[in-house]
Amino acid sequence: MALDPWDLALRDALLPTTELLTLDELAARTELPPTLLEVVVREGFLKPARHEPEILFDPADVEPIRSGMELVESGLPLGELLDLARQMDAAMRPIAEQSIEIFSRFVRDSVEVTSESDAEAAERLVRAFSTMLPAAGTMVEHHFRALLLEGAKRRLQVDR
Amino acid sequence: MTADQLDPAEILARHPRVWWASPTITLAGFGSLAIFDPGTGDGRFERARAVSAPVTFASFTFDGEAPGSLVIVPELVVEVADGETTLHGDPSLMPPAPVPVPPEHDRPRFAGSSLPDHLWLEAIGSILEMIERREVEKVVLARDHALWSKQRFDPHRILARLSDRFPDCFRFLIEGLVGASPELLIRKTALAIESVTLAGTTARGLTNEDDEILGKEMLSDPKALTEHRLAAAPVGAILRSIASDLSHPASPELMRLANVQHLATPFSGHLDSDEHVLDLVARLHPTPAVGGVPTAAAEAIIKDLEAMDRNRYAGPVGYFRANGDGEIAIALRCAELSGARARLFAGNGIVEGSIPEDELEETRLKLTAMLSALE
(Lines give C-alpha, C1' and ligand atoms only; values in the text may rest on other atoms or scores of the structure.)
Protein backbone atom coordinates (compact mmCIF):
# COMPACT_ATOMS: atom_id res chain seq x y z
CA MET A 1 0.00 0.00 0.00
CA ALA A 2 1.37 3.42 -0.99
CA LEU A 3 2.26 5.89 1.73
CA ASP A 4 0.08 8.95 2.23
CA PRO A 5 1.67 12.19 0.97
CA TRP A 6 2.42 13.46 4.52
CA ASP A 7 4.08 10.15 5.46
CA LEU A 8 6.13 10.28 2.25
CA ALA A 9 7.31 13.74 3.24
CA LEU A 10 8.21 12.50 6.71
CA ARG A 11 10.10 9.52 5.29
CA ASP A 12 12.13 11.87 3.07
CA ALA A 13 12.84 14.07 6.06
CA LEU A 14 14.32 11.07 7.86
CA LEU A 15 16.91 10.51 5.14
CA PRO A 16 20.37 11.99 5.71
CA THR A 17 20.90 15.19 3.78
CA THR A 18 24.69 15.09 3.64
CA GLU A 19 27.00 12.79 1.70
CA LEU A 20 27.37 9.42 3.40
CA LEU A 21 30.71 7.90 4.45
CA THR A 22 32.25 4.50 3.85
CA LEU A 23 33.68 2.64 6.85
CA ASP A 24 37.20 3.67 5.85
CA GLU A 25 36.14 7.31 5.53
CA LEU A 26 34.44 7.15 8.92
CA ALA A 27 37.60 5.58 10.35
CA ALA A 28 39.68 8.43 8.92
CA ARG A 29 37.30 11.07 10.33
CA THR A 30 37.21 9.50 13.79
CA GLU A 31 40.89 8.45 13.74
CA LEU A 32 39.86 4.93 14.80
CA PRO A 33 40.90 1.65 13.20
CA PRO A 34 38.18 0.13 10.97
CA THR A 35 38.36 -3.10 13.03
CA LEU A 36 37.18 -1.19 16.10
CA LEU A 37 34.37 0.48 14.16
CA GLU A 38 33.31 -2.93 12.88
CA VAL A 39 32.98 -4.05 16.51
CA VAL A 40 30.74 -1.06 17.25
CA VAL A 41 28.62 -1.84 14.16
CA ARG A 42 28.31 -5.53 15.07
CA GLU A 43 27.27 -4.59 18.58
CA GLY A 44 24.50 -2.45 17.03
CA PHE A 45 25.60 0.88 18.49
CA LEU A 46 26.55 2.28 15.11
CA LYS A 47 23.84 1.79 12.54
CA PRO A 48 24.62 2.17 8.82
CA ALA A 49 22.49 4.78 7.10
CA ARG A 50 22.45 2.62 3.99
CA HIS A 51 23.17 -1.08 3.41
CA GLU A 52 22.89 -1.35 -0.40
CA PRO A 53 24.80 -1.32 -2.66
CA GLU A 54 27.46 -0.68 0.00
CA ILE A 55 27.41 0.02 3.70
CA LEU A 56 27.50 3.76 4.32
CA PHE A 57 27.34 5.87 7.46
CA ASP A 58 25.89 9.23 8.34
CA PRO A 59 28.56 11.88 9.03
CA ALA A 60 26.49 12.70 12.13
CA ASP A 61 27.92 9.48 13.61
CA VAL A 62 31.39 11.03 13.84
CA GLU A 63 30.75 13.12 16.96
CA PRO A 64 29.12 10.35 19.10
CA ILE A 65 31.99 8.01 18.19
CA ARG A 66 34.51 10.64 19.19
CA SER A 67 32.61 11.15 22.46
CA GLY A 68 32.80 7.42 23.12
CA MET A 69 36.54 7.48 22.56
CA GLU A 70 36.84 10.45 24.93
CA LEU A 71 35.30 8.23 27.61
CA VAL A 72 37.79 5.48 26.80
CA GLU A 73 40.73 7.89 26.73
CA SER A 74 39.59 9.26 30.10
CA GLY A 75 40.00 5.81 31.64
CA LEU A 76 36.79 3.88 31.03
CA PRO A 77 37.69 0.41 29.71
CA LEU A 78 36.06 -0.25 26.35
CA GLY A 79 34.64 -3.56 27.61
CA GLU A 80 32.76 -1.73 30.38
CA LEU A 81 31.57 0.94 27.93
CA LEU A 82 30.22 -1.72 25.55
CA ASP A 83 28.44 -3.41 28.45
CA LEU A 84 26.87 -0.10 29.53
CA ALA A 85 25.85 0.59 25.95
CA ARG A 86 24.19 -2.85 25.69
CA GLN A 87 22.24 -2.20 28.88
CA MET A 88 21.29 1.28 27.72
CA ASP A 89 20.13 -0.10 24.36
CA ALA A 90 17.96 -2.69 26.09
CA ALA A 91 16.48 -0.09 28.45
CA MET A 92 15.91 2.61 25.82
CA ARG A 93 14.48 0.46 23.03
CA PRO A 94 10.97 0.02 24.51
CA ILE A 95 10.88 3.70 25.50
CA ALA A 96 11.76 4.67 21.93
CA GLU A 97 9.05 2.38 20.56
CA GLN A 98 6.50 3.90 22.93
CA SER A 99 7.59 7.41 21.96
CA ILE A 100 7.00 6.60 18.29
CA GLU A 101 3.61 5.18 19.16
CA ILE A 102 2.68 8.34 21.05
CA PHE A 103 3.92 10.56 18.22
CA SER A 104 1.92 8.56 15.74
CA ARG A 105 -1.27 8.57 17.75
CA PHE A 106 -1.32 12.11 19.09
CA VAL A 107 0.56 14.13 16.45
CA ARG A 108 0.50 12.30 13.13
CA ASP A 109 -3.16 11.25 13.32
CA SER A 110 -4.18 14.71 14.48
CA VAL A 111 -2.26 16.47 11.69
CA GLU A 112 -3.91 14.25 9.13
CA VAL A 113 -7.43 15.08 10.21
CA THR A 114 -7.01 18.79 10.97
CA SER A 115 -5.09 19.90 7.85
CA GLU A 116 -6.78 21.65 4.94
CA SER A 117 -4.64 19.92 2.31
CA ASP A 118 -2.09 17.15 1.79
CA ALA A 119 0.64 19.76 1.41
CA GLU A 120 -0.28 21.41 4.70
CA ALA A 121 -0.41 18.02 6.46
CA ALA A 122 3.02 17.12 5.08
CA GLU A 123 4.49 20.47 6.08
CA ARG A 124 3.01 20.32 9.60
CA LEU A 125 4.09 16.72 10.15
CA VAL A 126 7.69 17.32 9.07
CA ARG A 127 7.84 20.51 11.16
CA ALA A 128 6.49 18.72 14.23
CA PHE A 129 8.94 15.87 13.84
CA SER A 130 11.87 18.21 13.22
CA THR A 131 11.01 20.07 16.42
CA MET A 132 10.26 17.04 18.54
CA LEU A 133 13.27 14.86 17.65
CA PRO A 134 15.94 17.25 19.02
CA ALA A 135 13.62 18.16 21.90
CA ALA A 136 13.30 14.50 22.87
CA GLY A 137 17.07 14.10 22.60
CA THR A 138 17.64 17.12 24.84
CA MET A 139 15.16 15.83 27.41
CA VAL A 140 16.79 12.39 27.54
CA GLU A 141 20.28 13.89 27.76
CA HIS A 142 19.22 16.29 30.51
CA HIS A 143 17.53 13.55 32.53
CA PHE A 144 20.44 11.16 32.23
CA ARG A 145 22.86 13.91 33.17
CA ALA A 146 20.75 14.72 36.24
CA LEU A 147 20.69 11.03 37.21
CA LEU A 148 24.47 10.83 36.81
CA LEU A 149 25.06 13.88 38.98
CA GLU A 150 22.60 12.71 41.62
CA GLY A 151 24.19 9.25 41.70
CA ALA A 152 27.71 10.69 41.79
CA LYS A 153 26.89 12.91 44.78
CA ARG A 154 25.37 9.94 46.61
CA ARG A 155 28.43 7.82 45.82
CA LEU A 156 30.78 10.50 47.12
CA GLN A 157 28.89 10.49 50.41
CA VAL A 158 29.19 6.69 50.65
CA ASP A 159 32.90 6.66 49.77
CA ARG A 160 33.77 9.58 52.05
CA MET B 1 51.40 -38.01 62.61
CA THR B 2 47.62 -37.98 62.65
CA ALA B 3 45.74 -35.37 64.61
CA ASP B 4 42.20 -34.57 65.64
CA GLN B 5 40.02 -33.86 62.65
CA LEU B 6 40.30 -30.19 61.70
CA ASP B 7 37.90 -28.28 59.54
CA PRO B 8 39.64 -26.65 56.52
CA ALA B 9 37.86 -23.34 57.20
CA GLU B 10 39.25 -23.36 60.73
CA ILE B 11 42.76 -24.07 59.44
CA LEU B 12 42.45 -21.24 56.92
CA ALA B 13 41.41 -18.89 59.73
CA ARG B 14 44.85 -19.54 61.29
CA HIS B 15 46.39 -17.82 58.26
CA PRO B 16 48.72 -20.45 56.82
CA ARG B 17 51.51 -19.18 54.63
CA VAL B 18 50.61 -21.49 51.74
CA TRP B 19 47.38 -23.26 50.83
CA TRP B 20 46.17 -25.87 48.39
CA ALA B 21 42.64 -27.25 48.32
CA SER B 22 40.81 -29.43 45.86
CA PRO B 23 37.58 -31.40 46.30
CA THR B 24 39.62 -34.32 47.70
CA ILE B 25 42.45 -32.76 49.70
CA THR B 26 43.34 -29.67 51.69
CA LEU B 27 46.95 -28.77 52.47
CA ALA B 28 47.99 -25.84 54.63
CA GLY B 29 51.61 -24.88 55.15
CA PHE B 30 52.89 -22.89 58.15
CA GLY B 31 56.34 -21.33 58.33
CA SER B 32 59.05 -21.96 55.80
CA LEU B 33 62.00 -24.34 55.87
CA ALA B 34 63.06 -23.41 52.37
CA ILE B 35 61.88 -21.06 49.67
CA PHE B 36 63.64 -20.59 46.36
CA ASP B 37 63.27 -19.71 42.70
CA PRO B 38 64.14 -22.80 40.64
CA GLY B 39 65.32 -20.51 37.86
CA THR B 40 64.48 -20.48 34.18
CA GLY B 41 64.80 -22.76 31.20
CA ASP B 42 64.05 -26.42 30.66
CA GLY B 43 65.71 -27.46 33.93
CA ARG B 44 63.48 -25.46 36.28
CA PHE B 45 61.10 -28.35 37.01
CA GLU B 46 64.00 -30.71 37.69
CA ARG B 47 65.62 -28.17 40.03
CA ALA B 48 62.28 -27.69 41.80
CA ARG B 49 61.94 -31.39 42.56
CA ALA B 50 65.43 -31.61 44.00
CA VAL B 51 63.95 -30.89 47.43
CA SER B 52 62.93 -33.87 49.47
CA ALA B 53 60.13 -33.04 51.89
CA PRO B 54 56.84 -34.74 52.71
CA VAL B 55 54.93 -31.97 50.95
CA THR B 56 56.35 -29.17 48.78
CA PHE B 57 54.36 -26.37 47.17
CA ALA B 58 55.33 -24.82 43.84
CA SER B 59 54.15 -22.13 41.48
CA PHE B 60 55.87 -21.56 38.13
CA THR B 61 55.91 -18.67 35.71
CA PHE B 62 54.01 -19.21 32.46
CA ASP B 63 57.08 -18.23 30.46
CA GLY B 64 59.92 -20.66 31.10
CA GLU B 65 62.45 -17.90 30.46
CA ALA B 66 60.91 -15.52 33.00
CA PRO B 67 62.12 -15.47 36.60
CA GLY B 68 59.65 -15.56 39.48
CA SER B 69 58.83 -19.25 39.91
CA LEU B 70 58.68 -20.30 43.55
CA VAL B 71 59.18 -23.50 45.49
CA ILE B 72 58.34 -23.50 49.18
CA VAL B 73 58.80 -26.15 51.85
CA PRO B 74 56.78 -25.23 54.94
CA GLU B 75 57.91 -26.12 58.46
CA LEU B 76 54.52 -27.66 59.13
CA VAL B 77 51.98 -28.99 56.65
CA VAL B 78 48.45 -29.85 57.79
CA GLU B 79 46.82 -32.31 55.42
CA VAL B 80 43.10 -33.05 55.46
CA ALA B 81 42.03 -35.91 53.22
CA ASP B 82 39.66 -38.87 53.39
CA GLY B 83 38.30 -37.69 56.73
CA GLU B 84 41.73 -37.68 58.39
CA THR B 85 44.01 -34.88 59.46
CA THR B 86 47.74 -35.53 59.20
CA LEU B 87 50.51 -33.26 60.39
CA HIS B 88 53.85 -33.20 58.54
CA GLY B 89 56.33 -31.37 60.76
CA ASP B 90 56.37 -29.83 64.20
CA PRO B 91 52.76 -29.56 65.53
CA SER B 92 53.77 -26.77 67.92
CA LEU B 93 54.15 -24.46 64.90
CA MET B 94 50.41 -24.49 64.35
CA PRO B 95 48.91 -21.19 65.55
CA PRO B 96 46.67 -22.03 68.51
CA ALA B 97 43.63 -20.02 67.49
CA PRO B 98 42.21 -18.25 64.51
CA VAL B 99 43.97 -14.99 63.73
CA PRO B 100 41.56 -12.06 64.24
CA VAL B 101 40.46 -10.49 60.98
CA PRO B 102 40.99 -6.71 60.73
CA PRO B 103 37.55 -5.04 60.82
CA GLU B 104 38.50 -2.43 58.23
CA HIS B 105 38.37 -3.43 54.61
CA ASP B 106 38.71 -1.11 51.66
CA ARG B 107 37.28 -1.83 48.22
CA PRO B 108 39.46 -2.69 45.21
CA ARG B 109 40.08 0.28 42.94
CA PHE B 110 40.93 0.07 39.24
CA ALA B 111 44.43 1.21 38.30
CA GLY B 112 44.54 0.35 34.60
CA SER B 113 45.44 -2.49 32.26
CA SER B 114 48.74 -3.31 30.58
CA LEU B 115 46.90 -3.09 27.28
CA PRO B 116 43.75 -0.93 27.02
CA ASP B 117 40.67 -2.86 25.89
CA HIS B 118 40.50 -1.28 22.43
CA LEU B 119 44.12 -2.22 21.73
CA TRP B 120 43.44 -5.74 23.05
CA LEU B 121 40.61 -5.95 20.50
CA GLU B 122 43.02 -4.89 17.78
CA ALA B 123 45.45 -7.59 18.93
CA ILE B 124 42.69 -10.17 18.45
CA GLY B 125 42.12 -8.75 14.98
CA SER B 126 45.84 -9.30 14.22
CA ILE B 127 45.66 -12.89 15.50
CA LEU B 128 42.59 -13.59 13.35
CA GLU B 129 44.52 -12.34 10.31
CA MET B 130 47.39 -14.72 11.19
CA ILE B 131 44.91 -17.57 11.57
CA GLU B 132 43.45 -16.70 8.17
CA ARG B 133 46.95 -16.80 6.66
CA ARG B 134 47.41 -20.27 8.29
CA GLU B 135 50.41 -19.06 10.30
CA VAL B 136 48.82 -20.33 13.51
CA GLU B 137 45.67 -22.24 14.49
CA LYS B 138 45.00 -21.01 18.00
CA VAL B 139 46.42 -18.35 20.32
CA VAL B 140 45.34 -17.76 23.92
CA LEU B 141 45.38 -14.03 24.51
CA ALA B 142 45.21 -12.77 28.08
CA ARG B 143 44.78 -9.35 29.64
CA ASP B 144 45.09 -7.93 33.12
CA HIS B 145 43.50 -5.44 35.49
CA ALA B 146 45.70 -3.65 38.00
CA LEU B 147 43.96 -2.78 41.26
CA TRP B 148 44.84 -0.84 44.35
CA SER B 149 43.27 -0.41 47.74
CA LYS B 150 43.72 1.84 50.74
CA GLN B 151 44.55 -1.22 52.80
CA ARG B 152 46.56 -4.32 51.99
CA PHE B 153 44.61 -7.08 50.31
CA ASP B 154 43.97 -9.94 52.71
CA PRO B 155 44.84 -13.19 50.85
CA HIS B 156 43.08 -15.40 53.41
CA ARG B 157 39.85 -13.44 53.15
CA ILE B 158 40.04 -13.69 49.34
CA LEU B 159 40.78 -17.41 49.56
CA ALA B 160 37.80 -17.98 51.87
CA ARG B 161 35.51 -16.14 49.46
CA LEU B 162 36.85 -18.12 46.49
CA SER B 163 36.35 -21.36 48.44
CA ASP B 164 32.73 -20.46 49.10
CA ARG B 165 32.04 -19.66 45.46
CA PHE B 166 34.22 -22.26 43.71
CA PRO B 167 34.35 -25.32 46.00
CA ASP B 168 34.99 -27.66 43.05
CA CYS B 169 38.01 -25.72 41.81
CA PHE B 170 41.67 -25.91 42.88
CA ARG B 171 42.08 -23.09 45.40
CA PHE B 172 45.58 -21.92 46.11
CA LEU B 173 47.68 -19.35 47.90
CA ILE B 174 51.38 -19.42 47.22
CA GLU B 175 53.41 -16.33 48.05
CA GLY B 176 50.90 -13.73 46.88
CA LEU B 177 49.33 -15.78 44.09
CA VAL B 178 45.75 -16.53 45.10
CA GLY B 179 43.10 -18.11 42.94
CA ALA B 180 40.55 -20.81 42.18
CA SER B 181 41.39 -22.68 38.99
CA PRO B 182 39.10 -25.19 37.31
CA GLU B 183 41.87 -26.74 35.20
CA LEU B 184 43.83 -29.80 36.37
CA LEU B 185 47.12 -30.02 34.50
CA ILE B 186 48.15 -33.35 36.02
CA ARG B 187 47.44 -35.45 39.09
CA LYS B 188 49.69 -38.40 39.81
CA THR B 189 49.08 -41.06 42.45
CA ALA B 190 51.60 -43.90 42.15
CA LEU B 191 51.27 -44.80 38.46
CA ALA B 192 47.76 -43.41 38.03
CA ILE B 193 47.49 -40.09 36.19
CA GLU B 194 44.62 -37.73 35.51
CA SER B 195 44.35 -34.50 33.55
CA VAL B 196 41.47 -32.30 32.42
CA THR B 197 41.60 -30.04 29.39
CA LEU B 198 39.24 -27.08 29.42
CA ALA B 199 38.68 -24.98 26.31
CA GLY B 200 35.47 -23.44 25.09
CA THR B 201 33.40 -21.26 27.40
CA THR B 202 29.85 -20.06 27.62
CA ALA B 203 27.85 -18.15 30.20
CA ARG B 204 25.71 -19.56 33.01
CA GLY B 205 22.00 -19.00 32.62
CA LEU B 206 19.66 -17.53 35.19
CA THR B 207 17.79 -20.84 35.49
CA ASN B 208 18.64 -24.53 35.06
CA GLU B 209 16.75 -24.48 31.77
CA ASP B 210 18.89 -21.57 30.51
CA ASP B 211 21.99 -23.50 31.60
CA GLU B 212 20.87 -26.52 29.63
CA ILE B 213 20.19 -24.48 26.52
CA LEU B 214 23.52 -22.62 26.69
CA GLY B 215 25.41 -25.84 27.40
CA LYS B 216 23.77 -27.69 24.51
CA GLU B 217 24.49 -24.80 22.17
CA MET B 218 28.18 -24.92 23.09
CA LEU B 219 28.32 -28.70 22.65
CA SER B 220 27.29 -28.22 19.02
CA ASP B 221 29.06 -24.93 18.34
CA PRO B 222 31.77 -25.53 15.67
CA LYS B 223 33.96 -22.66 16.97
CA ALA B 224 33.90 -23.95 20.58
CA LEU B 225 34.46 -27.55 19.43
CA THR B 226 37.41 -26.51 17.25
CA GLU B 227 38.93 -24.53 20.11
CA HIS B 228 38.50 -27.54 22.39
CA ARG B 229 39.86 -30.08 19.91
CA LEU B 230 42.97 -27.94 19.35
CA ALA B 231 43.58 -27.86 23.11
CA ALA B 232 42.76 -31.47 24.02
CA ALA B 233 44.35 -33.40 21.15
CA PRO B 234 48.00 -32.46 21.91
CA VAL B 235 47.50 -33.20 25.64
CA GLY B 236 46.04 -36.59 24.76
CA ALA B 237 48.95 -37.33 22.41
CA ILE B 238 51.56 -36.50 25.06
CA LEU B 239 49.83 -38.52 27.76
CA ARG B 240 49.21 -41.49 25.47
CA SER B 241 52.95 -41.62 24.70
CA ILE B 242 53.66 -42.37 28.37
CA ALA B 243 50.42 -44.08 29.43
CA SER B 244 49.33 -46.58 26.81
CA ASP B 245 46.03 -47.31 28.59
CA LEU B 246 44.99 -43.64 28.51
CA SER B 247 41.25 -43.18 28.21
CA HIS B 248 38.96 -40.23 27.69
CA PRO B 249 35.40 -39.60 26.51
CA ALA B 250 34.91 -39.52 22.74
CA SER B 251 33.50 -36.00 22.87
CA PRO B 252 33.91 -33.17 25.39
CA GLU B 253 31.72 -32.92 28.47
CA LEU B 254 30.23 -29.86 30.15
CA MET B 255 31.89 -28.51 33.30
CA ARG B 256 29.60 -26.07 35.09
CA LEU B 257 31.19 -23.50 37.41
CA ALA B 258 29.57 -20.73 39.44
CA ASN B 259 30.06 -18.13 36.71
CA VAL B 260 30.66 -19.97 33.41
CA GLN B 261 30.41 -23.36 31.68
CA HIS B 262 33.36 -25.02 29.95
CA LEU B 263 33.90 -27.84 27.51
CA ALA B 264 36.05 -30.41 29.32
CA THR B 265 37.91 -33.56 28.35
CA PRO B 266 39.06 -35.63 31.35
CA PHE B 267 41.99 -38.00 30.70
CA SER B 268 42.97 -40.92 32.94
CA GLY B 269 45.40 -43.80 32.72
CA HIS B 270 48.52 -45.39 34.18
CA LEU B 271 52.12 -44.50 33.45
CA ASP B 272 54.03 -47.20 31.58
CA SER B 273 57.00 -46.35 33.81
CA ASP B 274 57.11 -44.13 36.87
CA GLU B 275 57.92 -40.42 36.56
CA HIS B 276 57.91 -37.50 38.98
CA VAL B 277 54.79 -35.33 38.66
CA LEU B 278 57.01 -32.37 37.75
CA ASP B 279 58.51 -34.37 34.87
CA LEU B 280 54.96 -34.75 33.60
CA VAL B 281 54.46 -31.00 34.02
CA ALA B 282 57.60 -30.40 31.96
CA ARG B 283 56.12 -32.53 29.18
CA LEU B 284 52.74 -30.76 29.21
CA HIS B 285 53.39 -27.09 29.91
CA PRO B 286 52.33 -24.89 28.21
CA THR B 287 49.25 -26.73 27.01
CA PRO B 288 47.30 -25.25 24.10
CA ALA B 289 44.62 -24.28 26.63
CA VAL B 290 46.92 -21.44 27.81
CA GLY B 291 49.38 -21.13 24.92
CA GLY B 292 48.14 -22.12 21.51
CA VAL B 293 48.78 -24.23 18.42
CA PRO B 294 51.48 -24.60 17.29
CA THR B 295 53.04 -23.90 20.68
CA ALA B 296 56.19 -22.01 19.64
CA ALA B 297 54.40 -19.72 17.18
CA ALA B 298 51.62 -19.03 19.69
CA GLU B 299 54.11 -18.21 22.46
CA ALA B 300 55.92 -15.75 20.17
CA ILE B 301 52.63 -14.04 19.29
CA ILE B 302 51.64 -13.87 22.97
CA LYS B 303 54.94 -12.18 23.81
CA ASP B 304 54.53 -9.78 20.93
CA LEU B 305 50.86 -8.82 21.34
CA GLU B 306 49.89 -9.17 25.02
CA ALA B 307 52.13 -6.31 26.14
CA MET B 308 52.38 -7.72 29.64
CA ASP B 309 54.30 -10.26 31.66
CA ARG B 310 51.99 -13.09 32.72
CA ASN B 311 54.30 -13.90 35.62
CA ARG B 312 52.76 -16.93 37.35
CA TYR B 313 49.32 -16.53 35.72
CA ALA B 314 48.63 -19.56 33.44
CA GLY B 315 51.65 -21.33 34.90
CA PRO B 316 51.66 -24.67 36.76
CA VAL B 317 50.69 -24.44 40.45
CA GLY B 318 50.24 -27.13 43.07
CA TYR B 319 52.06 -29.50 45.39
CA PHE B 320 54.19 -32.64 45.19
CA ARG B 321 55.36 -35.30 47.62
CA ALA B 322 58.77 -36.83 48.21
CA ASN B 323 57.71 -39.95 46.27
CA GLY B 324 56.93 -37.88 43.15
CA ASP B 325 53.15 -37.93 43.49
CA GLY B 326 51.30 -34.64 43.36
CA GLU B 327 48.55 -32.47 41.97
CA ILE B 328 49.31 -29.56 39.65
CA ALA B 329 46.71 -27.20 38.19
CA ILE B 330 47.03 -24.32 35.76
CA ALA B 331 46.91 -20.98 37.57
CA LEU B 332 43.78 -19.47 36.01
CA ARG B 333 41.19 -17.21 37.70
CA CYS B 334 43.81 -15.79 39.99
CA ALA B 335 45.25 -12.60 41.37
CA GLU B 336 48.78 -11.60 42.20
CA LEU B 337 48.78 -9.69 45.47
CA SER B 338 51.47 -7.36 46.66
CA GLY B 339 50.39 -5.46 49.77
CA ALA B 340 47.73 -2.98 48.70
CA ARG B 341 48.16 -3.75 45.01
CA ALA B 342 46.80 -6.59 42.94
CA ARG B 343 46.75 -7.79 39.35
CA LEU B 344 43.91 -9.89 37.99
CA PHE B 345 44.21 -11.91 34.80
CA ALA B 346 41.88 -13.49 32.26
CA GLY B 347 42.45 -14.97 28.85
CA ASN B 348 40.63 -16.61 25.96
CA GLY B 349 41.50 -18.95 23.14
CA ILE B 350 41.32 -17.24 19.76
CA VAL B 351 40.53 -19.53 16.82
CA GLU B 352 39.02 -19.15 13.38
CA GLY B 353 35.54 -17.69 13.83
CA SER B 354 36.31 -15.89 17.10
CA ILE B 355 34.55 -12.55 17.40
CA PRO B 356 36.75 -9.93 19.10
CA GLU B 357 34.03 -8.21 21.12
CA ASP B 358 32.71 -11.57 22.36
CA GLU B 359 36.20 -12.46 23.57
CA LEU B 360 36.47 -9.08 25.29
CA GLU B 361 33.13 -9.63 27.02
CA GLU B 362 34.07 -13.15 28.10
CA THR B 363 37.32 -11.97 29.69
CA ARG B 364 35.41 -9.09 31.29
CA LEU B 365 33.09 -11.60 32.96
CA LYS B 366 36.06 -13.69 34.13
CA LEU B 367 37.75 -10.60 35.57
CA THR B 368 34.50 -9.53 37.23
CA ALA B 369 34.18 -12.93 38.93
CA MET B 370 37.69 -12.62 40.37
CA LEU B 371 37.14 -8.98 41.29
CA SER B 372 34.11 -9.95 43.38
CA ALA B 373 36.40 -12.08 45.57
CA LEU B 374 38.48 -8.98 46.35
CA GLU B 375 35.52 -6.75 47.21
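Quantities reported herein were computed from a predicted structural model and do not represent experimental measurements. In what follows, chains carry the letters A, B, and so on, assigned in the order in which the sequence lines appear, proteins first and then strands, with residues in each chain numbered from 1.
- Crowding of B:Leu206 atom CG: a count of heavy atoms from other residues, nucleotides or ligands under 6.0 Å not exceeding 12.
- Note that CD of B:Glu361 is 8.5 Å distant from CD of A:Glu80, once rounded to the nearest 0.5 Å.
- Within 6.0 Å of CZ on A:Arg66 lie more than 12 heavy atoms contributed by other residues, nucleotides or ligands.
- For chain B, the option among A:Thr35, A:Leu78, A:Val40 with the highest count of heavy-atom pairs below 4.5 Å is A:Leu78.
- Of all non-hydrogen atoms in A:Pro33 and B:Glu122, the two that sit nearest each other are CG-OE2, 3.1 Å.
- Within a 6.0 Å sphere centred on CD of B:Glu132, other residues, nucleotides and ligands contribute 12 heavy atoms or fewer.
- Contacts between A:Val72 and chain B at a heavy-atom distance below 4.5 Å involve the side chain alone, from C-beta outward.
- For A:Pro77, the parts lying near chain B are the backbone and the side chain together; criterion is any non-hydrogen pair under 4.5 Å.
- With values rounded to the nearest 0.5 angstrom, A:Glu38 atom CD is found 11.5 Å from B:Leu121 atom CG.
- By the 6.0 Å contact criterion, CZ on B:Arg341 is open, its count of non-hydrogen atoms from other residues, nucleotides or ligands being 12 or less.
- The local environment of NZ in A:Lys47 is crowded, with over 12 non-hydrogen atoms from other residues, nucleotides or ligands closer than 6.0 Å.
- Interatomic distance, CG of A:Asp83 versus CG of B:Leu360, reported as 10.0 Å (0.5 Å rounding).
- Within a 6.0 Å sphere centred on CZ of A:Arg29, other residues, nucleotides and ligands contribute 12 heavy atoms or fewer.
- For B:Ile355, the part lying under 4.5 angstrom from a heavy atom of chain A is the side chain only.
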